[in-house]
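Notes follow once the structure below has been shown.
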Amino acid sequence: MWSFFHKLGSPPWLYRISGSILRWLLPLAVLGLVVGVLWGLLYTAPDFRQGNSYRIMYIHVPAAVVALAGYYVMAIAGAINLIWRMKIADVAMLAAAPVGAALTFVALVTGAIWGKPTWGTWWVWDARITSMLILLFLYLGVIALYEAYDNKTAASRACAVLALVGTVNIPIIYKSVDWWYSLHQPASIKFTGGSTIDPSMLYPLLLCIVSFYALFTCALLANMRVAILDRERRTGWVQRLVEEGG
Amino acid sequence: MGAFLSVLFRRQLALGLRRPAQLLNPLLFFALVVTLFPLGLGPSTDTLSAFAPGILWIVALLANMLGVDSLFRSDFDDGSLDQLLLAEQPLYLLVFPYLLVHWLLSGVILAVVSPLFALMLSLPGEGMLVLTVTLLLGSGVMSVLGAVGAALTVGLRRGGMLIALLVAPFYVPVLIFGSAAVRAAVSGLDALPYVALLGAMLSFALALGPLAVSAGLRISADT
Amino acid sequence: MYFDSFQAAMAMGGHGVYVWSAYGITALVIAQLVLWPSARKKRLVAELRGEQRRRAGASQETGQSDRESS
């Protein structure tokens, strides 16, 4: 157990192991996503109220779920960096930010496109879409703070503090936005309450969610590998790696 | 400990009161932005009174966000912040005088004066008291959250816009419940639950916020 | 298969534009997420290799000049 943590602190080991994880996880994630998406797109019955436009769900929901989880990954990595000054946690936090922001963006755009046939407009101040928008701002705030610092060690610690404050705040923000929406919601467009999802629609959705998690992990690891190489560029193992051809 | 805190409090208060112009700037800003809304929305009393709770709360939020940048700035520049970090007293407690003075000199003054601006936007009389009370509580939460942003950016040369980016999402719950409380009071509903929620947020922010502020100050002092 | 034909799957009962554009944008972003790090890594490795080559070249030259002068 301890040797595992010890190894986590070793960049060459992490670089090697993340490379071999990526080699099988990435194809698996892409395969899972393709199967899940095709299953959802072509082999499920349309929703009886929304017709075929509900098929956007198979990417919208996974993107939203993983985007939110990504913020927590970022915050936990930030906390580890603050408490134990572990270099690798710092790298993980910074790698998670752009990936999470991109997935939040995907959730927002697909939500807007889904809104057009469902509600008749591209943008509705729906509770979940509004929360996603605020999540995007939280991600962009972390990235902006990092970019503003010249001293990158201090930058990542400042980002860690900000991410932790965000983690404490996210449940409060989500609950208050939820409440705000139920207060202002006109009864006519309320159709989410207590709706159950048919198993035939649930299985492809679950597959898509798992694949999105796997893709998030892949993008995270790939970003971390580049950051490790960049930070360790002066060390012997990177120089040898470059000689051997990357 | 108590003596040290009260000295710190009086120092901050004296520094804040020494320049009355700086004290009046947020009020002037508030008045100016309130003036902009009728110009943008049209002078109709009905429209204005319908939007008044939201407008007043958003303007208070902006005033707080713009003012909080200077919270630690001068102490950072003249090095007294470094002295504070070296003090034997826990930084968690030393942050409180800063927050208290900032709240007194921005939030409280704004809350007390807010009924005047509410009149200008023709907010119905029932909402006045609730507006003042919620602004009192809410500006406390905003001062704490804004201080987190200020602590994290005080070492940077251009902090102003960045703070707004960092802390605006955190202000969302305060804005929602603050303006909802005023709207509830205007339409004759019980506003007390909202006030209680804002009070809960203030307690929560006061308990955890200074931790983040002191962590931020330590990071900024290191750079 | 739910749809009878390829055309029906593309049209999706009138919602095809929305569904397929949503999937297209998602595919683009995911492709970016996966390809961007590998592009950055290639650039970094190329940069480091360039540095190595320059350093090797420099040390060779100084070695030759040392020999010539002796």
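Every chain is numbered from 1 and lettered A, B, ... according to where its sequence line falls, protein lines coming before strand lines.
- C:Val19 touches chain A through backbone and side chain together, each having a heavy atom under 4.5 Å away.
- If you measure heavy-atom distances from C:Ile25 to chain A, the contacts under 4.5 Å come from the side chain alone.
- With a 4.5 angstrom heavy-atom cutoff, A:Leu22 does not touch chain C via any of its atoms.
- In this structure, chain A has no heavy atom under 4.5 Å from any part of C:Leu28.
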For this session: Check step by step if side-chain contact (heavy atoms from CB on, under 4.5 Å) holds for A:Cys218 and C:Val34.
Result: CA-CA 8 Å; A:Cys218 289; C:Val34 176; 5.7 Å; no
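- Heavy atoms of other residues, nucleotides or ligands lying less than 6.0 angstrom from CZ of A:Phe105 number 12 at most.
- Nearest approach of C:Leu33 to A:Ala102, heavy atoms of both residues: CD2-CB, 3.8 Å.
- Heavy-atom distances place the side chain of C:Glu47, and not its backbone, under 4.5 Å from chain A.
- C:Gln52 places a side-chain N or O within 3.5 Å of a backbone atom of A:Gln239 that can act as its donor or acceptor partner.
- In this structure, the separation between OG1 on C:Thr26 and CD1 on A:Ile59 is 3.0 Å, given to the nearest 0.5 Å.
- Here A:Ala222 is the residue among A:Gly111, A:Ala222, A:Ala227 with the most heavy-atom pairs under 4.5 Å with chain C.
- Here C:Glu51 pairs with A:Arg233 in a salt bridge; the nearest charged N to carboxylate O distance falls below 4.0 Å.
- When heavy atoms are compared at a cutoff of 4.5 Å, C:Leu48 approaches chain A by way of both its backbone and its side chain.
- Residues A:Leu229 and C:Val45 have side chains in contact (heavy-atom distance under 4.5 Å, counting atoms from C-beta outward).
- Considering only heavy atoms from C-beta on, C:Arg40 comes within 4.5 Å of A:Asn223 through its side chain.
- A donor-acceptor distance shorter than 3.5 angstrom exists from the side chain of C:Tyr23 to the backbone of A:Arg55, with no hydrogens or angles considered.
- For A:Val30, no part lies under 4.5 angstrom from a heavy atom of chain C.
- Of the inter-residue distances, the one linking A:Ile228 atom CD1 with C:Lys41 atom NZ reads 11.0 Å to the nearest 0.5 angstrom.
- Residue A:Tyr54 does not touch chain C at all, counting heavy-atom pairs closer than 4.5 Å.
- Remark: A:Tyr71 OH is packed, more than 12 non-hydrogen atoms of other residues, nucleotides or ligands lying under 6.0 Å away.
- Residues A:Leu215 and C:Ile30 share a closest heavy-atom pair of CD1-CG2, 3.8 Å.
- Here the straight-line distance linking atom NZ of A:Lys116 with atom OG of C:Ser21 works out to 12.0 Å at 0.5 Å rounding.
- Note: A:Ile56 CD1 to C:Trp20 CH2 = 11.0 Å, rounded to the nearest 0.5 Å.
- Only the side chain of C:Arg55 comes within less than 4.5 Å of a heavy atom in chain A; its backbone stays farther off.
- Looking at A:Val99, both its backbone and its side chain come within 4.5 Å of chain C, counting heavy atoms on both sides.
- For A:Leu33, the part sitting under 4.5 Å from any heavy atom of chain C is the side chain, from C-beta outward, and nothing else.
- Within 6.0 Å of NZ in C:Lys42 there are 12 or fewer heavy atoms belonging to other residues, nucleotides or ligands.
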